[in-house]
Peer 1: 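Please read through the structure below; I'll follow up with questions.
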Amino acid sequence: MNSPTHRTDPATIEPGRPLWLCTIGDLILDVIVLPDAPLAPDADTPATIRFVAGGQAANVAAWAGALGARSRLICKRGNDVSSEMAAAELARYGVDICGPVVEGAGGVVVSIRDAQGQRTMASDRGVASLLDPSELDPAWVKSCDVLHVSGYCLLREPMASAALEAARLARRVTVDLASAHDIEIVGSQRFAARLKALSPDLVFATEAERAAVPDFDASWVIKLGARGARFPEGVYPAVSVLPVDTTGAGDALAAGYLVGGPELALEAAAGAVGLIGAMPGRA
């Protein structure tokens, strides 16, 4: 990996000063559906349903803030009710939300959990994926210690170019690959080319996502689900917890690792699994 020489390691942050993490990606409204029984056609199935802020980049920013960091999200959002709801909730976690607000619908994702705990998601990203490089203020990135890029940014233009421009301005860059299925749709070679241009110092991925870009060389954090995670420091087991909803567990893990290392990463992931939705501190 060819990392830019101007980037700094978190170890260079002054003792006692919290990490300042900037993320770039989506702010969406998550509709979480936890059915009490398998969904049946033409029938009404009782379920627990929650409306919560979400989006990979927003989740990481919220968890980083909850774990003691300063956090910022760069995103593009609409002016509809779903966008206003998501932004209001994220702001309660102390996240500084930067980026244009435009006429149009914000992103909404419906996440449905089955009896085995697997999730099926239906996504409408709205205007979130239309962030353009010209809409970035360099100060949003330059003032932060780390830029964390949602892998969803790299799936389509113009957001991919916006992420690459933000990375050019950053001291240190990390990325979460987001979705092996989406990488396959885009094409692994095209995605890997964008990933190489991003030149991240650290990459978060599941085993399937790692396999989707086999030739990309980087420092990796591999998320192993209930088995824990493989960090540059070694393999650590997961913290035992009764799972309620796995939405956002990987995002909590990423935030925890960036703020405090493997132990905090796995504690945060366990906390996320015990909550409904991807944001910290909800029940």
Peer 1: In Å, rounded to the nearest 0.5 Å, how long is the span from CE of Met279 to CG of Leu90?
Peer 2: 5.0 Å
Peer 1: Same cluster or not: are Tyr236 and Leu67 linked, directly or through other Ile, Leu, Val, Met, Phe, Trp or Tyr residues, by side-chain heavy atoms under 4.5 angstrom apart?
Peer 2: yes
Peer 1: Can you name the closest pair of heavy atoms from Ser188 and Val213 and give their distance?
Peer 2: O-CG1, 4.4 Å
Peer 1: Indicate the atoms forming the closest heavy-atom contact of Ala58 with Gly54, along with that distance.
Peer 2: CB-O, 3.4 Å
Peer 1: Suppose we screen for side chain to side chain contact (heavy atoms under 4.5 Å, CB included). Which residues come up paired with Ala226, at least two apart in sequence or across chains?
Peer 2: none
Peer 1: If the threshold is 4.0 Å, N to carboxylate O, is there a salt bridge linking Asp145 and Arg172?
Peer 2: no
Peer 1: Can you give me the closest heavy-atom contact between Trp220 and Ala205, atom names plus distance?
Peer 2: CZ3-CB, 3.8 Å
Peer 1: Would you please name every residue forming a side chain to side chain contact (heavy atoms under 4.5 Å, CB included) with Leu242, sequence neighbours left out?
Peer 2: none
Peer 1: Are Leu29 and Val102 in one and the same hydrophobic cluster, where Ile, Leu, Val, Met, Phe, Trp and Tyr link if side-chain heavy atoms are under 4.5 Å apart?
Peer 2: no
Peer 1: Just by distance, do the side chain of Glu89 and the backbone of Ala53 share a donor-acceptor pair under 3.5 Å?
Peer 2: yes
Peer 1: How close do Ser71 and Trp20 get, counting heavy atoms only, and between which atoms?
Peer 2: N-CD1, 4.2 Å
Peer 1: Which residues satisfy the salt bridge (charged side-chain N to carboxylate O under 4.0 Å, His left out) test with Asp96, sequence neighbours excluded?
Peer 2: Arg72
Peer 1: Linking I/L/V/M/F/W/Y whenever their side-chain heavy atoms sit closer than 4.5 Å, directly or via other members, would Leu164 and Leu169 fall into one cluster?
Peer 2: yes
Peer 1: If the condition is salt bridge (charged side-chain N to carboxylate O under 4.0 Å, His left out), which residues does Glu184 pass it with, not counting sequence neighbours?
Peer 2: none
Peer 1: Which residue pairs pass the salt bridge (Lys or Arg N to Asp or Glu O under 4.0 Å) test with at least one member in residues 18-32, sequence neighbours excluded?
Peer 2: Asp26-Arg125
Peer 1: Sequence neighbours left out, cut at 3.5 Å: what donor-acceptor pairs do the side chains of residues 146-156 make with other protein atoms?
Peer 2:
residue, atom, partner, partner atom, Å
His148, ND1, Thr174, OG1, 2.7
Ser150, OG, Gln56, OE1, 2.7
Ser150, OG, Tyr152, N, 3.3

Peer 1: Indicate the atoms forming the closest heavy-atom contact of Phe191 with Ile183, along with that distance.
Peer 2: CE2-CD1, 3.8 Å
Peer 1: Can you see which heavy atom on Pro133 is nearest to which on Pro158, and at what distance?
Peer 2: CD-O, 4.0 Å
Peer 1: Taking a hydrophobic cluster as the set of Ile, Leu, Val, Met, Phe, Trp and Tyr residues connected by side-chain heavy atoms closer than 4.5 Å, whether directly or through intermediates, do Ile49 and Val108 fall within one such cluster?
Peer 2: yes
Peer 1: Any chance you could lay out the side chain to side chain contact (heavy atoms under 4.5 Å, CB included) test for Val221 and Val203, step after step, and finish with the verdict?
Peer 2: CA-CA 6 Å; Val221 172; Val203 183; over 6 Å; no
Peer 1: Is the closest side-chain heavy-atom distance between Leu136 and Val141 below 4.5 Å?
Peer 2: no
Peer 1: For Val273, check side chain to side chain contact (heavy atoms under 4.5 Å, CB included) against everything at least two apart and list the hits.
Peer 2: Val241, Pro243, Ala249
Peer 1: I'd like to know if Phe231 and Val60 are part of one continuous hydrophobic network [Ile/Leu/Val/Met/Phe/Trp/Tyr, side-chain heavy atoms within less than 4.5 Å].
Peer 2: yes
Peer 1: Please list, one pair per line, the donor and acceptor atoms closer than 3.5 Å that link side chains of residues 251-266 to other protein atoms, with sequence neighbours excluded.
Peer 2:
residue, atom, partner, partner atom, Å
Asp251, OD2, Asn59, ND2, 2.8
Tyr257, OH, Glu233, OE1, 3.0
Tyr257, OH, Glu233, OE2, 2.9

Peer 1: Tell me, please, which residues at least two apart from Thr45 pass side chain to side chain donor-acceptor pair (under 3.5 Å).
Peer 2: none
Peer 1: With a cut-off of 3.5 Å and sequence neighbours excluded, list every side-chain donor-acceptor pair involving residues 73-88.
Peer 2:
residue, atom, partner, partner atom, Å
Lys76, NZ, Leu130, O, 3.3
Lys76, NZ, Glu135, OE1, 3.3
Lys76, NZ, Glu135, OE2, 3.0
Asn79, OD1, Gly104, N, 3.1
Asn79, ND2, Glu103, OE1, 3.0
Asp80, OD1, Ser82, OG, 3.4
Asp80, OD1, Ser83, N, 3.2
Asp80, OD1, Ser83, OG, 2.6
Asp80, OD1, Gly106, N, 3.1
Asp80, OD2, Ser82, OG, 2.8
Asp80, OD2, Gly106, N, 3.2
Ser83, OG, Gly78, N, 3.3
Ser83, OG, Gly78, O, 3.4
Ser83, OG, Gly106, N, 3.4

Peer 1: Going by the rule salt bridge (charged side-chain N to carboxylate O under 4.0 Å, His left out), which residues pair with Arg227 if we only count those two or more places apart in sequence or in a different chain?
Peer 2: Glu207
Peer 1: Between Ile24 and Leu131, is there a side-chain heavy-atom distance shorter than 4.5 Å?
Peer 2: yes
Peer 1: For the residue pair Pro35 and Ile112, establish whether any side-chain heavy-atom pair is separated by less than 4.5 Å.
Peer 2: yes
Peer 1: Drop me the distance from Leu34's CG to Ser111's OG, to the nearest 0.5 angstrom.
Peer 2: 8.0 Å
Peer 1: Run the salt bridge (charged side-chain N to carboxylate O under 4.0 Å, His left out) test against Glu209 and tell me which residues pass, sequence neighbours left out.
Peer 2: none
